[in-house]
Amino acid sequence: EDYSHLQSTRWNKNQLTYNIGRYTNDLPRSTVDSLIESAFSAWSTVSSLRFVRSPSPYADIQMEFATYAHGDLYPFDGPRGTLAHAFGPGPGIGGDTHFDDNEQWTAGPKGFNLKLVAAHEIGHALGLKHSRNRDSLMYPNYRSSRPDNLLSVEDITNINALY
Ligand SMILES: CNC(=O)[C@@H](NC(=O)[C@H](CC(C)C)CN(O)C=O)C(C)(C)C
Ligand SMILES: [Zn+2]
Ligand SMILES: [Zn+2]
């Protein structure tokens, strides 16, 4: 889900920091790091946005894996169902992105692909809403058959309309 209605519409800067807090046990940390880095680069290669990893939990986009109730008003729901959520641009929890660790996170076609889900959540963290276009990365349902080039023309248009 996107909670961008709780935050402002866009960041007032083009360079954002991100931090990865609690990891999942489904994948090696280094794999999680590279999948998330490539999810960010999907957006930076098509826009003027730049993303810098930070060790600080006060980064603009704080990412973590969590289950059930985890400190915000949106507890996760166990296996399947909601896979992740992100808050729209803003201070504090703004931009923060949480992944449900009751899902099977993978780097490939099985389970739920972390790069694909992270790229969708980053879209929300940047201020994008859902799309009704099945080809858009911002479509509200997970589609395992999404091609490797994650972003559709619509996604590229929308991010460049915003930044
Ligand atoms: C398999 N389960 C689904 O397809 C579920 N969809 C999601 O978990 C969305 C994330 C996907 C699109 C990566 C939630 N979302 O919009 C976060 O920003 C349901 C459609 C069941 C809600
Ligand atoms: Zn969403
Ligand atoms: Zn959360």
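Basis for what follows: all heavy atoms, side chains included, without hydrogens, waters or symmetry-related copies. Just so you know, ligand 1 is whichever comes first in the structure, and atom 1 is the first atom listed for that ligand.
- A heavy-atom separation below 4.0 Å is not found between Ala86 and ligand 1.
- Applying the ring pair (Phe, Tyr, Trp, His ring centres under 6.0 Å) rule to Tyr23 yields no partners; only residues at least two apart in sequence or on another chain are considered.
- Which parts of ligand 1 touch Thr82 is read off a 4.0 Å heavy-atom cut-off, strictly below it: atoms 8 (O).
- No more than 12 heavy atoms of other residues, nucleotides or ligands lie within 6.0 Å of CZ in Arg80, so this atom counts as exposed by the packing criterion.
- The only option from Leu83, Thr67, Thr24, Thr82 that meets the side-chain contact (heavy atoms from CB on, under 4.5 Å) definition with Asp100 turns out to be Thr67.
- Rounding to 10 degrees gives 110° for the angle at the Zn ion (ligand 2) between NE2 of His130 and NE2 of His120.
- By the 4.0 Å heavy-atom criterion, Arg143 is excluded from the residues contacting ligand 1.
- Of all the listed residues (Tyr142, Tyr139, Phe112), Tyr142 holds the heavy atom that lies closest to atom 4 (O) of ligand 1.
- For Arg22, the CZ atom sits in a loose shell: 12 or fewer heavy atoms of surrounding residues, nucleotides or ligands are nearer than 6.0 Å.
- In terms of the ring pair (Phe, Tyr, Trp, His ring centres under 6.0 Å) criterion, Tyr163 has no residue partners (sequence neighbours excluded).
- In this pair, His98 and His70 present their aromatic rings perpendicular. The plane angle is above 60°, beyond the 30 to 60° band.
- Atoms of ligand 1 lying under 4.0 Å from any heavy atom of His130, numbered from 1 in the order shown and given with element: 16 (O).
- Atoms of ligand 1 lying under 4.0 Å from any heavy atom of Ala84, numbered from 1 in the order shown and given with element: 14 (C), 15 (N), 17 (C).
- Every N/O-N/O distance between Arg80 and ligand 1 stays at or above 3.5 Å.
- Judged by distance alone, the side chain of Arg10 and the main-chain N or O of Leu162 form a donor-acceptor pair under 3.5 Å.
- Taking each of Thr97, Leu137, Val117, Asn141 in turn, the one with a heavy atom nearest to atom 13 (C) of ligand 1 proves to be Val117.
- Between the NE2 atom of His85 and the CG atom of Leu73 there is a distance of 9.5 Å, given to the nearest 0.5 Å.
- Close approach of ligand 1 to Pro140 is summarised as follows: ligand atoms under 4.0 Å from at least one heavy atom of the residue are 6 (N), 7 (C), 9 (C), 12 (C), 20 (C).
- Here the N, O or S atom of His124 that is nearest to the Zn ion (ligand 2) is NE2.
- Taking each heavy atom of Asp101 and Asn25 in turn, the nearest pair found is OD2-N, 4.2 Å.
- If you look at the Zn ion (ligand 3), the protein N, O or S atoms less than 2.8 Å from it are His70 NE2, Asp72 OD2, His85 NE2, His98 ND1.
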Give every donor-acceptor pair under 3.5 Å between a side-chain atom in residues 132-139 and any protein atom, sequence neighbours left out.
| unit_1 | atom_1 | unit_2 | atom_2 | d |
| --- | --- | --- | --- | --- |
| Asn133 | OD1 | Asp135 | N | 2.7 |
| Asn133 | ND2 | Glu154 | OE1 | 3.2 |
| Ser136 | OG | Met138 | N | 2.9 |
| Ser136 | OG | Asp155 | OD1 | 2.6 |

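- Residue-level proximity to ligand 1 for Glu121 is carried by the side chain, the only part with a heavy atom below 4.0 angstrom.
- Under the side-chain contact (heavy atoms from CB on, under 4.5 Å) test applied with Thr157, the options Val153, Ile159, Asn160 reduce to a single match, Val153.
- Looking at Ser144, Gly81, Ala125, it is Gly81 that brings a heavy atom closest to atom 3 (C) of ligand 1.
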Would Asp77 and Asn102 count as a side-chain contact (heavy atoms from CB on, under 4.5 Å) here? Give the steps.
CA-CA 8 Å; Asp77 52 7; Asn102 275 129; over 6 Å; no
